[in-house]
Amino acid sequence: MSTPQIVVHRDKELMAQAAAARLITRIVDAQAARGSASVVLTGGRNGNGLLAALAEAPARDAVDWSRLDLWWGDERFLPEGDPERNATQAREALLDAVPLDPKRVHFMPAADGTYDDADAAAEAYAAELAAAARPEDHGPVPAFDVLLLGVGPDTHVASLFPELPGVRETERAVVGVHGAPKPPPTRVSLTLPAIRAAREVWLLAAGEDKAGAVAMALSGAGEVQAPAAGAYGSRRTLWLLDQAAAARLPRDLYPPASP
Ligand SMILES: O=C(O)[C@H](O)[C@@H](O)[C@H](O)[C@H](O)COP(=O)(O)O
């Protein structure tokens with residue numbers, strides 16, 4: 001478990017641009033060290049804002065897109081191409097604009113009849129993750145280089161909501177989620193143990209409606225009540241915030257924001 005580091009940016013646009021620059025560097029470094037890199041994407045405005053900023057970043061061509069594995073932290077269990085699917089939004093923000101290897105883009109299953117329900121889809125995704133894990137990963141999912149998470153105003157991350165069964169899961173890597181308070185209600189999500197297999201976990205939050213959630217998760221709350229508190233990487237846990245989302249954090253937790 002790594003102690004959270006907090007970085008506060010002036011506003012959400014700067015936060016997205018700085019996170020995109022940071023992600024480019026991390027991918028390039030991982031590709032230089034090991035030949036490829038793996039990133040887990042999140043849904044939501046801030047995750048998509050990061051992808052859109054990456055699409056605009058001049059340094060994006062430093063990434064070898066054909067040697068990047070992409071996974072998802074969660075997905076809304078809807079038909080392929082639905083505008084509310086995280087995959088559809090990620091395609092629009094970035095993925096359709098860069099030369100990825102389709103074999104390395106691991107979409108979560110869609111509600112297209114292949115799987116009976118979100119639980120069966122979750123099981124299939126867990127099998128895909130297990131097949132990609134190498135012995136040195138020491139577990140049923142790969143040791144992702146960077147796993148991105150948006151933080152909800154109720155402290156949810158991926159589709160792990162406070163007090164729902166998903167956040168209590170300790171065995172399975174992926175679960176079907178039913179009755180999510182954020183629509184749509186049926187989803188597929190990585191669990192906390194799968195999230196914690198990542199080398200680096202980056203949590204993104206912007207806006208005043210996130211200030212309470214950020215303060216709660218970083219002030220010692222339990223992960224069942226505050227799922228974001230249980231999201232950390234084996235080497236690094238980074239909270240990337242704008243000033244509004246950081247407003248209720250004790251000032252001694254982070255250095256002043258850039259002007
Ligand atoms: O499928 C989803 O909705 C997400 O993966 C979810 O966990 C999201 O990241 C948070 O709700 C934050 O969303 P915002 O960045 O839009 O606030």
Side-chain angles (χ1 to χ4, degrees), residues 9 11-20 23 39-54 70-79 82-95 106-111 118 121-122 125 144 146-164 166-167 169 174-192 194-195 198 201-217 223 226-231 238-242 244-247:
H9 294 287
D11 53 46
K12 70 170 191 298
E13 288 75 24
L14 202 51
M15 182 188 98
Q17 287 159 4
L23 187 58
V39 173
V40 183
L41 302 180
T42 180
R45 290 158 300 171
N46 291 303
N48 286 310
L50 186 162
L51 296 184
L54 217 164
L70 288 181
W71 299 89
W72 268 263
D74 73 329
E75 186 54 279
R76 300 141 182 209
F77 195 57
L78 297 167
D82 189 293
E84 288 300 316
R85 257 176 78 78
N86 290 338
T88 312
Q89 296 179 4
R91 274 179 181 282
E92 277 166 16
L94 174 71
L95 309 192
H106 306 273
F107 295 111
M108 281 185 161
Y125 204 64
F144 312 110
V146 178
L147 184 144
L148 300 170
L149 292 172
V151 180
D154 58 355
T155 70
H156 78 259
V157 287
S159 289
L160 303 176
F161 294 87
E163 312 280 356
L164 288 194
V167 74
E169 178 65 39
V174 192
V175 287
V177 176
H178 306 275
K182 178 179 181 178
T186 309
R187 294 159 166 259
V188 175
S189 184
L190 296 195
T191 59
L192 288 177
I195 288 170
V201 170
W202 299 1
L203 298 108
L204 306 164
E208 58 185 326
D209 60 320
K210 304 293 175 66
V214 168
M216 182 177 171
E223 64 196 31
L238 201 53
W239 283 71
L240 302 172
L241 308 174
D242 75 347

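We use all heavy atoms of the structure for the numbers below, so side chains are in, but hydrogens, waters and symmetry mates are not. Every number for a ligand or one of its atoms is a count from 1 in the order of the listing.
- Near Gly44, meaning under 4.0 Å from any of its heavy atoms, are these atoms of ligand 1: 13 (O), 14 (P), 15 (O), 16 (O).
- With respect to atom 10 (C) of ligand 1, the closest heavy atom belonging to the protein is His156 NE2, 3.3 Å.
- Near Val151, meaning under 4.0 Å from one of its heavy atoms, ligand 1 places the atoms 12 (C).
- One distance of note links CG of Asp242 with CD of Glu208; it measures 9.5 Å at 0.5 Å rounding.
- Of the options Val40, Thr42, Leu203, a side-chain contact (heavy atoms from CB on, under 4.5 Å) to Leu148 is made by Thr42 and by none of the others.
- Atoms CG and CG, on Leu240 and Leu50 in that order, are 8.0 Å from each other to the nearest 0.5 Å.
- Remark: Pro109 pairs with Tyr115, Ala121, Tyr125 by the side chain to side chain contact (heavy atoms under 4.5 Å, CB included) rule, at least two apart or across chains.
- Less than 4.0 angstrom separates some heavy atom of Arg76 from each of these atoms of ligand 1: 1 (O), 2 (C), 3 (O).
- When only non-hydrogen protein atoms are considered, atom 7 (O) of ligand 1 lies nearest to Ala158 O, 2.7 Å.
- Residue Thr42 approaches ligand 1 through these ligand atoms, each under 4.0 Å from one of its heavy atoms: 5 (O), 9 (O).
- Taking every non-hydrogen atom of Arg45 and a distance limit under 4.0 Å, the qualifying atoms of ligand 1 come out as 14 (P), 15 (O), 16 (O), 17 (O).
- Annotation: atom 4 (C) of ligand 1 to nearest protein heavy atom, Asp74 OD2, 3.4 Å.
- The residue Glu75 has no part lying near ligand 1, judged by heavy-atom distances below 4.0 Å.
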message = I'd like to know whether Arg76 forms a side-chain contact (heavy atoms from CB on, under 4.5 Å) with Asn86, so could you lay out the CA-CA distance, the side-chain angles of the two residues, the decisive distance to 0.1 Å, and finally the verdict.
response = CA-CA 7 Å; Arg76 300 141 182 209; Asn86 290 338; 3.1 Å; yes
ask   = Could you walk me through whether Trp71 and Leu190 pass the side-chain contact (heavy atoms from CB on, under 4.5 Å) check?
value = CA-CA 10 Å; Trp71 299 89; Leu190 296 195; over 6 Å; no
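- Close approach to Lys210 involves these atoms of ligand 1, each under 4.0 Å from a residue heavy atom: 14 (P), 17 (O).
- Between Gly43 and ligand 1, at least one pair of N/O atoms sits closer than 3.5 Å.
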